Each structure stands twice: as structure tokens, then as C-alpha cells.
Amino acid sequence: DAGVIQSPRHEVTEMGQEVTLRCKPISGHNSLFWYRQTMMRGLELLIYFNNNVPIDDSGMPEDRFSAKMPNASFSTLKIQPSEPRDSAVYFCASSLGQGETQYFGPGTRLLVL
Amino acid sequence: AQSVTQLGSHVSVSEGALVLLRCNYSSSVPPYLFWYVQYPNQGLQLLLKYTTGATLVKGINGFEAEFKKSETSFHLTKPSAHMSDAAEYFCAVSDGNQGGKLIFGQGTELSVKP
């Protein structure tokens, strides 16, 4: 299997622009997770889906962030409008289900100027 | 609520020396515990995990960890460090009943000196 695929790997944008991060989970996995990693806050769970349904979005920082999972093989994390404090590495992970091992993608490194 | 504390944000060892990375957790229910490794500019890779059963868990690259309920600890060890072990290590706890979301510690950066 190709593993979790994320795109783009790097994104540089200007404050106020819309940013869309994409994730393709491992085929057959039922759970998908979005994490954010920063020096100040470490690794934080933003949102996770089970069978394409958002289960817990309590980690989403504010209304500027939204996530969708229209089907089992694709998810997006959107930031609109972006701000410099959104600069971070965003990871997507997937697992077979509750309590199972999460497999992480390579991450998207986002820089908002 | 669950939480993880990793003692020491930076650990430095000599090549061939014992590696010990400390992790303590807090959980109101039996936890699932994980250690992940992150190499520079890469995603996280699972080293090992504890769910139930044997409390001494062996993982990849010669690492192992022991679940000690009485001490609420899950320390990671490796008998002999290699240069290639230099990376950041994350301990995480999950309550499977909550969908498996992971709560991570702040990470420990391991340096290996020649």
C-alpha cells in the first residue's frame, strides 16, 4: 500500500488567502485524523472522522477551519482566511478503526506570510 | 480526561549507551499507549504499542517499553543506541472507547553522540 498521501507537501501563502490541504487515507481504513504540529503547542488533534462522519471536532481552533470527508478515500482541511499563526505542519493519519494503530502521512508544511 | 507527560525535552546519549525515554500518563480508563518516532521532515512512525496483555512490549529497531500501571508509566528503552536513532520521540495515550484519538506528549528529542 502507498500509505497515507497528503498534498501539497509544502504550501506558502499570504495572509487572508484560502488554503486547502488534502489527504488520501490507506485503503480500507475507517478512521481519519487531522493533526497540527507546532513548536509551541506540539501535536494537537484537530478533528477525526469515523466512516466519513465527523466524530470530534473540538480541536478545531476556530470557524476559519473546516474539514470534510466526502468519501472513504478523500478528506480536506480548509483554512479561510489564513493567518500567520496557522503556520504549522499538518498531518493526516488513518486507522482501521477505534483503538487501532494510526498511520501518519508525511505532512503538509504550511507557511502563512 | 487523558494526558501524557514526557520527562525531558532533550536527551543525549553516546553511541552504544542505554536509551531511556520517560513517559507518564493519566487516564481514567484502561489506556492504550503508543510510542511514535519522527525523523526530520517526516511523518510519525509507530515504534510500539500497548493495548492489553503482556506489559513488556517490543517494537521495531530494538526498542521496547514496559507498561507499569502502579506507576502510570510507559518508558521507552533500547539497550544500545545507534546514530540512526537520533530523532524525536512521542508518547501517546488513547482511549479506544473515544474513537482512538491520540493525546500526545510534548516529545523528546534524542541525540546520539559518536
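This one's a predicted model, so the numbers in the text were calculated from it and none came from an experiment. Lettering of chains follows the sequences in order, A, B, ..., and the numbering in each one begins at 1.
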Hydrophobic clustering (ILVMFWY, side-chain heavy atoms < 4.5 Å, transitive) - are [Y] and [X] grouped together?
| X | Y | result |
| --- | --- | --- |
| A/Ile47 | B/Phe104 | no |
| B/Val57 | B/Leu47 | yes |
| B/Leu18 | B/Leu48 | no |
| A/Met60 | A/Met69 | yes |
| A/Tyr90 | A/Phe33 | no |

Item to check | Residue B/Gln42 versus chain A: region with a heavy atom under 4.5 Å | outcome: backbone

Item to check | Interface moiety of B/Leu102 toward chain A, non-hydrogen atoms closer than 4.5 Å | outcome: both

Next on the checklist: Please give me the minimum heavy-atom distance between A/Phe104 and B/Leu44, naming the atom from each residue.
Outcome noted: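 Closest approach of A/Phe104 to B/Leu44: CB-O, 3.5 Å.
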
Proximal component of [X], with respect to chain B [non-hydrogen, under 4.5 Å]:
| X | result |
| --- | --- |
| A/Glu44 | neither |
| A/Leu45 | side chain |
| A/Arg109 | side chain |

Answer yes or no: does atom [atom1] of [X] have more than 12 heavy-atom neighbours from other residues, nucleotides or ligands under 6.0 Å?
| X | atom1 | answer |
| --- | --- | --- |
| B/Arg22 | CZ | no |
| A/Asn71 | CG | yes |
| A/Glu14 | CD | no |

Taking the side chain as C-beta and beyond, is there a heavy-atom pair between [X] and [Y] under 4.5 Å?
| X | Y | value |
| --- | --- | --- |
| B/Tyr32 | A/Glu100 | no |
| A/Val89 | B/Asn41 | no |
| A/Tyr103 | B/Leu46 | no |
| B/Phe34 | A/Gln102 | no |
| B/Tyr36 | A/Thr101 | yes |
| A/Phe91 | B/Gln38 | yes |

Item to check | Euclidean distance, A/Gln37 CD relative to B/Glu88 CD, rounded to 0.5 Å | outcome: 7.0 Å

